[in-house]
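Only heavy atoms go into these numbers, but all of them, side chains included; no hydrogens, no water, no symmetry mates. Here the structure is a predicted model, which means the values were calculated and not measured.
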Amino acid sequence: MKQLVNKLKGDRVIWSFVALLALFSFMPVFSASSNLAYIGHGTGNTLGYLVKHLAHICIGFMIIYWVHKVPYHYFRAISKIALPIVWILLLYTLLKGTVIAGANASRWIQVPFIGITFQTSTMAAIVLFIFVARYLSKTKEENEPFQASLIQLWVPVFITLALILPANFSTTALIFSMVIMLTFIGKYPLKYISFIIGSGVVMLVFFLLIAKAFPESRFFSRVGTWGSRIENFTTDKPDEDDYQIEKAKIAIASGRFGGLGPGKSVQKNFLPQSSSDFIYAIIVEEYGLVGGVSILLLYLLLLFRFVIASHKANTLFGKLVVVGLGFPMIFQAMINMAVAVELLPVTGQTLPLISSGGSSIWMTCFSLGIIISVTKKDEEIVEEQIEKEKRKEALQRLIDRELSEEDLPSDQEEEMYSIEDTSKNPMNAVLNK
């Protein structure tokens, strides 16, 4: 174990907080999955869901380990190449979205031959944030006109958002807000930011008008759901979302200070998304105010550590990458908690590293791997460079040795196997060989 810990580079505090959140997630997921177990196979046995969550977490930590070994500046070039690929995946998701539990789930695609559902918008968000950080760091010393930034920066941003919006408004709004925050931190001119915000609002209104004109189109099928959620949030009209919120509030109220105890939640049997969207309500019911506040503090401490990591980064690109990948993770957690206590309408955002799910955990871990790669100390980078040079020298020595062995027989063949008689005894050529 000590050898494994020594191999971990980067900010050890971030590693610790991530490990704590992941370890804590097992009990709530194990408890809250009973509803899915009864619906799925009628036995209520949640062991299979626990093993599945364990597999997701283990794969996620392997992703963190592999990614944090890669120098973060490599992702600078990768983002530019990956963005068109992400557009293709998002378009495919819109056209080939499947139906899960009777609802329109066009935000997911199914990986062929594996059967795993994958949410492409999470990957798109990571690639887009790195792309924006790359552009802002590249143009720091250059005073590019707004027209150039409109084409190079904002057109790719709006293309990405337009492909996510029809299926997932909350994710689109979160990504757009984080991009605006990233440009503000990157010292993009405020007057241009104001123009972009206004343009975004106009485009959203235009999209809603088209949706009203073509309500039967599958591309606008989620617009009615957004409107009803906002309406039900502002009024007391009962519906399915209001049912979930009421059960979540009952769970939170039942928890009181110390909670009912691990695995003793009652509302997990009534909440449809108890292991994902509303897992925070189950946590508060079972662990009380102490557990709920502890989870909140862990996310806030992680946010504070992201701020420190961004401040210590040696390059502007590194600073922006930490902000662009770290802050959305924390804001997503805050949105999930706010929905559970009815401070926000239902959004469908999961609790990072705690809610069950494969692609959301893996993409969160991918982001964390990049962030930890940024936090590597100078001496760690030097050590990696030295190891890389040693491997390169060893490989070169091996190649040189192979080449010398290949050249040796050809150089000595004539001398070793020559039968020319240079001595007085004619039998020496045969006797010597």
Side-chain angles (χ1 to χ4, degrees), residues 52 56 59-60 63 67 75 77-132 134 151-176 178-179 200 203-204 206-208 210-211 213-226 276-277 324-325 328 332 347-350 352 355-367 369-370:
K52 187 177 180 181
H56 291 159
I59 294 173
I63 291 173
V67 173
F75 296 99
I78 293 174
S79 65
K80 191 174 181 179
I81 302 171
L83 197 59
I85 299 174
V86 165
W87 292 344
I88 295 173
L89 290 175
L90 289 173
L91 183 60
Y92 178 82
T93 305
L94 282 178
L95 298 176
K96 300 293 183 179
T98 57
V99 175
I100 299 176
N104 177 13
S106 57
R107 67 188 69 174
W108 287 278
I109 57 175
Q110 194 169 25
V111 180
F113 309 110
I114 301 177
I116 299 175
T117 54
F118 184 77
Q119 192 170 354
T120 52
S121 60
T122 55
M123 178 190 292
I126 294 174
V127 174
L128 185 63
F129 292 144
I130 298 175
F131 177 82
V132 174
R134 168 192 165 276
I151 296 173
Q152 297 180 23
L153 174 63
W154 295 111
V155 168
V157 168
F158 281 115
I159 289 175
T160 307
L161 295 178
L163 292 172
I164 299 174
L165 178 61
N168 199 337
F169 172 74
S170 60
T171 300
T172 306
L174 178 63
I175 294 175
F176 182 68
M178 293 299 100
V179 169
M203 291 180 184
L204 178 61
F206 183 68
F207 174 82
L208 295 176
I210 296 177
F214 302 96
E216 301 299 326
S217 175
R218 70 185 300 269
F219 291 103
F220 307 117
S221 59
R222 300 287 297 174
V223 175
T225 304
W226 307 340
S276 54
D277 297 355
L325 298 181
Q332 180 182 335
T347 61
Q349 297 294 328
T350 58
S355 295
S356 61
S359 61
S360 61
I361 292 176
W362 298 338
M363 290 297 102
T364 299
C365 291
F366 190 85
S367 299
I370 298 175

From CG (Leu94) to CD1 (Ile164), nearest 0.5 Å: 9.5 Å

- request: State, yes or no, whether a side-chain contact exists between Phe75 and Ile78 at a heavy-atom distance under 4.5 Å.
  value: yes

For residues 122-129, please give each side-chain donor-acceptor pair under 3.5 Å, one per line with the distance, not counting sequence neighbours.
from   : atom 1 : to     : atom 2 : distance (Å)
Thr122 : OG1    : Gln119 : O      : 2.6

- request: Give, for atom OG1 of Thr160 and atom CG of Leu83, the distance between the pair rounded to the nearest 0.5 Å.
  value: 4.5 Å

message: Suppose we screen for ring-ring contact (aromatic ring centres under 6.0 Å, His included). Which residues come up paired with Phe176, at least two apart in sequence or across chains?
response: none

field: Spatial distance of atom CE (Met363) from atom CG (Leu325) [nearest 0.5 Å]
entry: 11.5 Å

statement: dist Asn168:CG -> Leu161:CG (nearest 0.5 Å) comes out at 11.5 Å

query: Can you name the nearest heavy-atom pair linking Gly60 to Cys365, along with the distance?
result: O-CB, 3.2 Å

task: For the residue pair Thr120 and Thr93, confirm or rule out a side-chain donor-acceptor distance under 3.5 Å.
output: yes

By side chain to side chain contact (heavy atoms under 4.5 Å, CB included) - contacts of Ser79 (at least two apart): Ile130, Phe131, Arg134

field: For Ser360 against Thr364, the heavy-atom pair lying closest together
entry: O-OG1, 2.8 Å

field: For the student: nearest non-hydrogen atoms of Ser121 and Ile175, plus distance
entry: O-CD1, 4.4 Å

Test side chain to side chain contact (heavy atoms under 4.5 Å, CB included) applied to Ile88 - qualifying residues, sequence neighbours left out: none

Test ring-ring contact (aromatic ring centres under 6.0 Å, His included) applied to Trp87 - qualifying residues, sequence neighbours left out: none

field: Contacts of type side-chain hydrogen bond (donor to acceptor under 3.5 Å, both in side chains), residue Ser355, not counting sequence neighbours
entry: none

message: Using 0.5 Å steps for rounding, measure from the CZ atom of Phe158 to the CG atom of Leu165.
response: 11.5 Å

